[in-house]
Asks: 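Below is the structure I would like to discuss, written out as structure tokens.
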Amino acid sequence: MASTTISVCFSPKALAAPKSRTANNTAKPLPNHNPTNRTNSKSNNKVRRRFTPPPQPLPGGDATTYTRLPPKHDVQDYQPPFQSSPLKLSDSTPPIIHHQHQLLEYQDHEDEDEEEEAAFDSNFPGNYRVVEVYEGNASSEQFEEEDDDDEEEEEEEEEDFDPNFTGNYKVLEVFQGNSNFEDDDDEEEDEVFDGKNVNLDEGADFSNNQSGESEEFSEKEEEEAEVKDKGVPAVMRCFDRAKIYVKAGDGGNGVVAFRREKFVPFGGPSGGDGGRGGNVYVEVDGSMSSLLPFRNSIHFRAGRGSHGQGRVQSGAKGEDVVVKVAPGTLIREAGKDEVLLEMVRPGQRALLLPGGRGGRGNASFKSGTNKVPKIAENGEQGPEMWLELELKLVADVGIVGAPNAGKSTLLSVVSAAKPEVANYPFTTLLPNLGVVSFDYDSSMVVADLPGLLEGAHRGFGLGHEFLRHTERCSALVHVVDGSSLQPDLEFDAVRLELKLFNPDLAEKPYIVAYNKMDLPEAYENWESFKEKLQSRGITTFCMSAVKGEGTREVIGAAYELLRKSKDKEEYDYEDGRDMVDLNHVADAVLKQRNASINEFEIFHNSESNIWHVVGSGLQRFVQMTNWRYVDSDKRFQHVLEACGVYKSLMKRGVKEGDIVMVGEMEMVWHDSSDNNSGASRMKKTSTDSIKWPEWK
Ligand SMILES: Nc1nc2c(ncn2[C@@H]2O[C@H](COP(=O)(O)OP(=O)(O)OP(=O)(O)O)[C@@H](O)[C@H]2O)c(=O)[nH]1
Ligand SMILES: [Mg+2]
């Protein structure tokens, strides 16, 4: 966050004002040399580095049995899962396992339900029913856009629902949300909002653009988008990403005025300053659950400051604008990967773009040597940006482990997610999400991640690509394949990978789930494994994910970890320890704004013979210069002289008649015989200023 590089662009409209007054304006974009781009590309070079210490040898020699496949009979041996004791979320201790096999059917099988209810443990306190299940092509009533085919599929799915589900977990919503984790998908949607296609200055009508674009949208692309969207709940499909335009208000202009009163004939300058432009804020609105509102409005412009007035009256400041986003929204500058802001907590507010400064009126320019200044500044232009918003459903708990350890199997048992499970490593290529809900008001999102290999932090295998998603998890469940040759070494290797990827990950609370207890080799190794880990103070559970035995204890313990870490977060937040700097974007804008006028670069295009003087301080100075006033030209020349632009140009060999662009201002170079009169070296290609009556 601290290394934010943002390129704030100023709309060419205001800068074009002086140019439009230029007769025979010859300023043209240069074909093969664009210094502005050059500076931008510099700042755009983002180098994201992570702490990657050299890999260390694993304790105990070769430490991987990751890819060892469990014997085939583990699948053939499959038995209907057992009914374990009810899990009560309000209890803080994980429940005890009862090795009692029982099947829980779903509501659909009404006849059987009654029997089941009778057989159901009477001590069971919770109401564990399926409230709503939608996976993949979910067809919930409210999602009218679903087509008939999808509905049919869903019906079939419900009928085919796995009767072996050991369901004490009520499933609220389930989605194998691969596309939530893909940063590069949905490009087609984003294209619609592309800034290039929207003419902002003419009050662009977004809907027109959208329809125009969608015509070009080929059928094939639509199909592809549909395929991509499968597996994402309908409510999230279109509204988990948005592209919006924000612009801070321009400052009001300063004015030139002189005090005239009956008995005060020479009252002096009295032009007031312009007001500051409005700011752009981003605020988390706890009542929002999607980015749906951005479908209708994507332009957010703060008000411009009022102009100054006579009698040294300053203009009013512009109205601020607040962009409200849903909790969990990531904000990036359009087209860039770097996350600018992570808006998580309801009520959080970030100052994103500060409004432009008001221009000074002539009263501010009064000095001992110039008592009658005929100069005032334009208001500073407010910065503008296109932003990409992405709503990330944050997984509370991440399931990590070596390939083939049984991570996906665990997720499939504790939630209604149906990730692919197969007896070979790297079955899971993209993270799967499942929502486990124990009660109406308590649920957690669990993510099953691709397996981690030794060297994952350096990019081996697939896991590291997704490890960053675990950075936002509050707790981890580490699944260990008990049937591997050396489960404890496998455990250490994966822990080491986590640590090497990001030391903070290794600090996260976690539990270990020793899996495949139904296999004799796993069963035999369990005691020694448990002792080893417990001696290190690590909480260890055993389970047979495929049979659903012990999984509830694992998930219950994970929930406890989650609850504790949430409590701690709350405490830290209230205590002010969790304060993140949300205003760093605005700070960067202000820093760029305060760039010294002495910092500039000169580029020469020999083909067109144009000299470009580029520097953000100078550019701002040009933009704020109001050329209508006579003294502005003089001051401009003086500033260029003082900050060394003339000297540098002469050093580089500028010649009579050459065109010099300072920011957006085009000027012609004149060699002067009088070396001291640098202030008259450059002339604007046209001089068009107010003619003042002679001052006596
Ligand atoms: N015997 C037995 N086999 C299991 C158990 N849990 C999972 N398996 C089997 O282990 C194999 C791998 O299971 P997955 O759930 O795909 O493993 P994973 O960790 O998700 O694997 P990747 O996605 O490849 O990293 C499958 O054949 C499962 O049936 C278990 O408790 N007992
Ligand atoms: Mg898997």
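Remember, it's 1-based here, ligands and their atoms both numbered in the order they're listed.
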Asks: Hey, could you give me the OG1/CD distance between Thr329 and Glu390, rounded to the nearest 0.5 Å?
Replies: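 The distance works out to 9.5 Å.
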Asks: Just which atoms of ligand 1 are under 4.0 Å from any heavy atom in Gly451?
Replies: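 Taking each heavy atom of Gly451 in turn, ligand 1 has 25 (O) under 4.0 Å.
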Asks: Has ligand 1 got any nitrogen or oxygen that is less than 3.5 angstrom from a nitrogen or oxygen of Pro403?
Replies: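 No; the residue has no nitrogen or oxygen that sits under 3.5 Å from a nitrogen or oxygen of the ligand.
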Asks: Got an N/O contact under 3.5 Å between Asp448 and ligand 1?
Replies: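 No, no N or O pair falls under 3.5 Å.
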Asks: Look at ligand 1 and say whether Gly401 reaches it with a heavy atom at a distance under 4.0 Å.
Replies: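 Heavy atoms of Gly401 never come under 4.0 Å of ligand 1.
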Asks: Using a 4.0 Å cutoff against the non-hydrogen atoms of Tyr424, which atoms of ligand 1 qualify?
Replies: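 Answer, ordered by atom number: 24 (O).
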Asks: Under the side-chain contact (heavy atoms from CB on, under 4.5 Å) rule, what do Asp518 and Tyr523 come out as? Steps first, then yes or no, please.
Replies: CA-CA 7 Å; Asp518 53 301; Tyr523 185 79; over 6 Å; no
Asks: Is it true that Asp488 and Lys532 make a salt bridge, defined as a side-chain N closer than 4.0 Å to a carboxylate O?
Replies: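 Salt bridge between Asp488 and Lys532, a charged N being under 4.0 Å from a carboxylate O: yes.
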Asks: Looking at ligand 1, does any of its N/O atoms fall within less than 3.5 Å of an N/O of Pro450?
Replies: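 The answer is no, given that Pro450 and ligand 1 share no N or O pair closer than 3.5 Å.
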Asks: Is the contact between Pro419 and ligand 1 made by the side chain, the backbone, both, or neither, using heavy atoms and a 4.0 Å cut-off?
Replies: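 For Pro419, there is no contact with ligand 1 at all, from either part.
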Asks: Once you restrict to heavy atoms under 4.0 Å, what part of Asn515 touches ligand 1? Side chain, backbone, both or neither.
Replies: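 Looking at Asn515 and ligand 1, just side chain atoms fall under 4.0 Å.
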Asks: Applying a 4.0 Å heavy-atom criterion (strictly less than), which segment of Ser544 is in contact with ligand 1: side chain, backbone, both, or neither?
Replies: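 Both backbone and side chain.
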Asks: Quick one: does Arg552's side chain get under 4.5 Å of Val414's, heavy atoms only?
Replies: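 Heavy-atom side-chain distance check fails, nothing below 4.5 Å.
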Asks: With the Mg ion (ligand 2) as the centre, enumerate protein N/O/S atoms below 2.8 Å in chain and residue order.
Replies: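 You should have found Ser408 OG, Thr428 OG1.
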Asks: Got an N/O contact under 3.5 Å between Thr409 and ligand 1?
Replies: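 By distance alone, the answer is yes.
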Asks: If you measure from each non-hydrogen atom of Leu519 to ligand 1, which part falls under 4.0 Å: side chain, backbone, both or neither?
Replies: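 Under 4.0 Å from ligand 1, Leu519 contributes side-chain atoms alone.
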Asks: Nearest 0.5 Å, please: how far is OG in Ser484 from CG in Leu519?
Replies: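 Leu519 atom CG to Ser484 atom OG measures 11.0 Å (nearest 0.5 Å).
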Asks: Taking 4.0 angstrom as the limit and counting only heavy atoms of Ala422, give me the atoms of ligand 1 inside it, by number and element.
Replies: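 With Ala422 as reference, the close atoms of ligand 1 come out as 11 (C), 12 (C), 13 (O), 16 (O), 26 (C), 27 (O).
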Asks: Which is it for Asp518 and ligand 1 at heavy atoms under 4.0 Å: side chain, backbone, both or neither?
Replies: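 Side chain only.
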Asks: Would you check, one step at a time, whether the test side-chain contact (heavy atoms from CB on, under 4.5 Å) holds for Val436 with Tyr559?
Replies: CA-CA 10 Å; Val436 183; Tyr559 183 80; over 6 Å; no
Asks: In Å and rounded to the nearest 0.5 Å, what is the CD1 to CE distance from Ile555 to Met444?
Replies: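 Nearest 0.5 Å value for the CD1-CE distance: 4.0 Å.
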Asks: Is the NZ or CZ atom of Arg495 both under 6.0 Å from the centre of the six-membered ring of Tyr510 and within 45° of that ring's axis?
Replies: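 The answer is yes, since Arg495 meets both limits relative to Tyr510.
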Asks: If you measure from CZ on Phe491 to CZ on Arg536, what distance do you get to the nearest 0.5 Å?
Replies: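 The CZ atom of Arg536 is 5.5 Å from CZ of Phe491, to the nearest 0.5 Å.
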Asks: Could you tell me whether some N/O pair between Met517 and ligand 1 is separated by less than 3.5 angstrom?
Replies: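 Among all N and O atoms of Met517, none is under 3.5 Å from an N or O of ligand 1.
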Asks: Quick check: do Thr428 and Glu420 have side-chain heavy atoms less than 4.5 Å from each other?
Replies: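 Answer no - side chains too far apart.
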Asks: Just verifying a value: how many Å separate Leu449 CG and Cys473 SG, rounded to the nearest 0.5 Å?
Replies: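 The SG atom of Cys473 is 6.5 Å from CG of Leu449, to the nearest 0.5 Å.
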Asks: Got a second to check how far Asp504's CG is from Lys499's NZ, nearest 0.5 Å?
Replies: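 Here the interatomic distance stands at 12.0 Å.
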Asks: For ligand 1, which atoms have a heavy atom of Pro425 less than 4.0 angstrom away?
Replies: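 Taking each heavy atom of Pro425 in turn, ligand 1 has 24 (O) under 4.0 Å.
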Asks: Under a 4.0 Å N-O cut-off, is there an ion pair linking Arg332 with Asp337?
Replies: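 No salt bridge links Arg332 with Asp337.
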